[in-house]
Protein chains: 2
Amino acid sequence: MSPRALGGGGSATGSTALPPDPDRMVGAGGIVEVAALAGVSPATVSRALRGLPGVSASTRAAVRVAAEQLGYVASASASALARGRTSAVGVLAPWISRWFFAAVIEGAQELITSHGYDMLLYPLGANAGPDAGPVDARALHKRVDGVLGLNVPASMPTDSLRDLRVPLVTVGSTVPGLSGVQVDDVRIGLEATRHLLGLGHSRIGFLGLDPDDLYGFTVAADRHRGYVQALEQAGIEPDPRLTEVTGWAVQGGEAGLGHQLELAAAAGRTLPTAFVAVSDEVAMGALYAARCRGIRVPQDLSVIGVDDHDLSYLFDLTTVSQPVRRQGRLAAELLLEQMEGGAAARPRVVQIDPGLVVRSTTGPPRD
Amino acid sequence: MSPRALGGGGSATGSTALPPDPDRMVGAGGIVEVAALAGVSPATVSRALRGLPGVSASTRAAVRVAAEQLGYVASASASALARGRTSAVGVLAPWISRWFFAAVIEGAQELITSHGYDMLLYPLGANAGPDAGPVDARALHKRVDGVLGLNVPASMPTDSLRDLRVPLVTVGSTVPGLSGVQVDDVRIGLEATRHLLGLGHSRIGFLGLDPDDLYGFTVAADRHRGYVQALEQAGIEPDPRLTEVTGWAVQGGEAGLGHQLELAAAAGRTLPTAFVAVSDEVAMGALYAARCRGIRVPQDLSVIGVDDHDLSYLFDLTTVSQPVRRQGRLAAELLLEQMEGGAAARPRVVQIDPGLVVRSTTGPPRD
DNA sequence: CTGTTAGCGCCTTCAA
DNA sequence: TTGAAGGCGCTAACAG
């Protein structure tokens with residue numbers, strides 16, 4: 001058990017300057033120190049430690065011992081400079097606190113690091129705008145050997161992608177000529193809507209257009225397109241008044257449903273009997289708004305989301321699932337393929353199939 | 001609007017090998033090319049571009065133009081090697097898909113990157129065990145100028161922290177002699193429990209001991225200690241049978257409440273009238289379990305969580321809040337202070353005060 | 001204010 | 001199988 005100093009309200013803890021410990025001065029030595037200790041040349045140390053062939057077993061062992069003893073670890077900068085590779089990959093994402101992105105990153109992480117790459121995180125945040133060239137491609141190109149782009153590339157001018165000059169693998173959006181993991185968002189919208197149609201709904205709304213789609217993030221628009229298609233295929237004329245711009249947050253879903261309610265009241269019509277939400281988070285917001293107003297789900301209102309968020313089952317939320325962590329893993333595979341396979345590895349796009357998880361926020365309409 | 005190729009189900013996209021564009025060969029040139037183009041020496045380019053003093057305005061402008069024209073960006077590795085600083089900070093966290101950690105990281109990110117540092121992400125994941133020296137301190141020390149440790153340091157042997165040789169700032173746990181952002185977890189447990197006591201509860205359970213506490217992650221244990229103290233101060237003998245080991249996930253909370261139910265049934269007693277959960281996620285799980293069994297909240301059962309998770313309001317969850325994103329920001333400040341202030345900056349610990357957010361999962365007991 | 005001179009620590013030919 | 005020499009691209013210390 002580790003000591004915890006601040007039982008009450010203390011504030012500043014004294015600094016005991018760590019005394020340099022000449023004995024076990026970890027990480028102090030460079031490759032030449034190791035070489036000296038092992039009685040070989042630096043070149044041999046380099047070869048031995050990296051497992052390159054052409055080093056006798058005994059020499060390798062001796063080098064390992066020396067390195068271990070000195071706590072030697074090669075300087076990343078030095079070796080990157082010498083080799084022209086950084087052993088790092090960049091991860092571009094709009095946010096990381098939205099569950100979807102965090103889960104994708106987590107899915108990718110293991111493979112990435114197990115191949116010896118570090119992961120540089122670049123949350124684009126509010127800067128993800130149309131103008132703000134994200135993290136300046138030029139800067140990235142010298143810093144990483146590859147890039148994982150989550151939902152961002154579409155917002156970059158294509159030039160900026162060119163400037164990258166390192167493999168880029170996308171998740172959630174696709175750039176022609178680049179590897180990527182993709183779910184067919186149109187189909188997601190289609191499936192969600194069909195599920196509701198199949199239950200007998202005919203007045204179905206859509207919560208989730210994304211204002212940011214203005215600059216190329218087409219996920220929401222695609223899902224909406226699927227929704228429209230499904231309706232049309234069922235011979236139903238989509239009513240644009242039933243579509244809300246919500247963004248991706250819970251609050252958007254809440255406000256969206258509220259707004260629909262107002263609209264309906266003002267126009268003297270009733271609320272649609274069901275809604276497709278662009279994400280589970282938006283769906284959760286809608287469910288909350290419904291509950292606050294005493295609208296029963298699914299008797300009075302059905303709601304279906306997208307993602308199968310870790311917390312969705314708590315809401316009994318019916319949803320179109322996508323294997324999020326697996327998408328991350330797949331993206332990592334594609335990226336490694338590009339980085340290590342070199343020009344030999346032709347870019348490829350992997351399609352992920354969405355699933356349907358039926359819980360109990362959807363049911364037949366009331367009448 | 002960017003082109004999206006895969007309308008239907010296409011799979012592999014052809015690779016158009018990006019043709020080297022000799023005209024605007026971005027990122028191709030080194031500092032010497034820029035120097036040549038600007039008609040100055042490399043040293044001057046370096047000074048000019050980094051905004052160092054002692055460069056005439058006209059020269060600086062010329063250099064900027066040349067650099068811009070060539071799309072020049074300094075190589076991070078080269079400059080790191082030459083300066084002996086990496087301009088990167090490492091972020092150690094058990095996971096990133098748990099909301100708390102993602103939010104802290106997001107909170108820290110802006111300040112970190114605005115000061116010119118990259119963020120290296122090291123999720124410890126399952127490896128966070130007692131033995132597995134996390135990310136090997138020695139490796140980190142050559143790779144980053146500072147480390148942000150989220151809940152991890154306590155699990156590292158202190159030696160390993162020493163070996164780091166770079167500033168380390170902790171969040172959520174404290175190491176003597178190091179800077180850190182801290183919430184008083186004992187007090188959190190105390191406040192949560194007092195809230196329930198204040199409502200008139202006397203049989204109060206605790207959902208949330210963490211099996212991993214075994215190796216030093218004391219947050220859960222501390223909150224539990226606060227719970228025990230509050231009960232004792234109220235003259236109530238804490239009943240160990242009312243404490244569950246749940247870990248941090250939703251599922252733990254669900255299982256924990258279920259187990260309490262079984263225990264109560266087997267012993268022929270009733271469930272406690274209220275529970276303190278170690279986190280909002282655990283509380284959500286417990287609420288779910290209660291709902292599944294028709295237990296009404298808060299009439300039959302009160303539940304209080306900790307964190308004020310982004311989604312907590314959807315559950316009307318009463319909770320002890322901690323300003324999570326601000327913790328991240330503060331930690332970033334402390335870290336920058338250490339990294340840039342050098343030895344002058346003495347380590348300090350910042351206490352964050354928890355708050356109480358009363359919603360409606362807590363209320364007076366039934367009888 | 002600017003240029004010259006040495007490295008930073010490692011990797012990689014090329015010889016031995 | 002091993003060593004010696006040179007360079008990766010940039011920065012810092014010193015001259016001028």
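Since this is a predicted model, take the numbers as computed values, not measurements. Labels below follow one simple rule: chain letters A, B, ... track the order of the sequence lines, proteins then strands, and each chain is numbered from 1. Only heavy atoms go into these numbers, but all of them, side chains included; no hydrogens, no water, no symmetry mates.
Of the candidate nucleotides C:dT2, D:dC10, D:dG3, D:dG3 has the atom lying nearest to any side-chain atom of A:Ser41. Listed candidates were C:dC10, D:dG9, C:dT12. Nearest to the side chain of A:Ala43 is C:dT12. Residue A:Thr44 places its side chain closer to D:dG3 than to any other of D:dG3, C:dC10, D:dG9. Proximity note for A:Ser56 (side chain, C-beta onward) versus C:dC10, D:dT2, C:dG7: the nearest is D:dT2.
B:Val144 and B:Val89 make their closest contact through CG1-C, 3.9 Å (heavy atoms, listed as atom of the first residue, atom of the second, distance). A pairwise comparison of heavy atoms in A:Leu168 and A:Gly149 identifies CD1-N, 3.8 Å as the closest pair. For the pair B:Ala102 and A:Ser97, the tightest heavy-atom approach, listed with the atom from each and the gap, is CB-CA, 3.7 Å.
Here B:Val45 lies out of heavy-atom contact (under 4.0 Å) with every strand. Residue contacts for A:Gly84: at a heavy-atom cut-off of 4.0 Å it reaches no nucleic acid atom on any strand shown. B:Thr59 comes within 4.0 angstrom of sugar-phosphate atoms only, judged by non-hydrogen atoms across all strands, and of no base.
Applying the 4.0 Å criterion to OP1 and OP2 of D:dT11, one finds that B:Arg50 has a side-chain N or O inside that range.
Here the P atom of nucleotide C:dG9 and the NE2 atom of B:His141 are 10 Å apart, to the nearest Å. Rounding to whole angstrom units, OH of residue B:Tyr72 and C1' of D:dT11 are separated by 10 Å. Whole-Å rounding puts the B:Leu49 CG to C:dT2 P distance at 14 Å. Taking atom CG of residue A:Leu81 and atom P of nucleotide D:dC10, one finds them 9 Å apart after rounding to whole Å. Summarising the geometry, the separation between CD1 on B:Ile31 and C1' on C:dT5 is reported as 15 Å, rounded to the nearest angstrom. A straight line from CZ of A:Arg83 to P of C:dG9 spans 18 Å, rounded to a whole angstrom.
Take the nearest nucleotide of DNA chain C for B:Arg60 and for B:Ala82: the residue whose nucleotide is more 5' is B:Arg60. Comparing B:Arg47 and B:Ala74, the nucleotide of DNA chain D nearest to each residue sits closer to the 5' end for B:Ala74.
Looking at heavy atoms from C-beta onward, B:Gln109 lies out of side-chain contact with A:Trp95 at the 4.5 angstrom threshold.
No option in B:Ile96, B:Val91, B:Ile112, B:Ile105 other than B:Ile105 meets the side chain to side chain contact (heavy atoms under 4.5 Å, CB included) test with A:Leu121.
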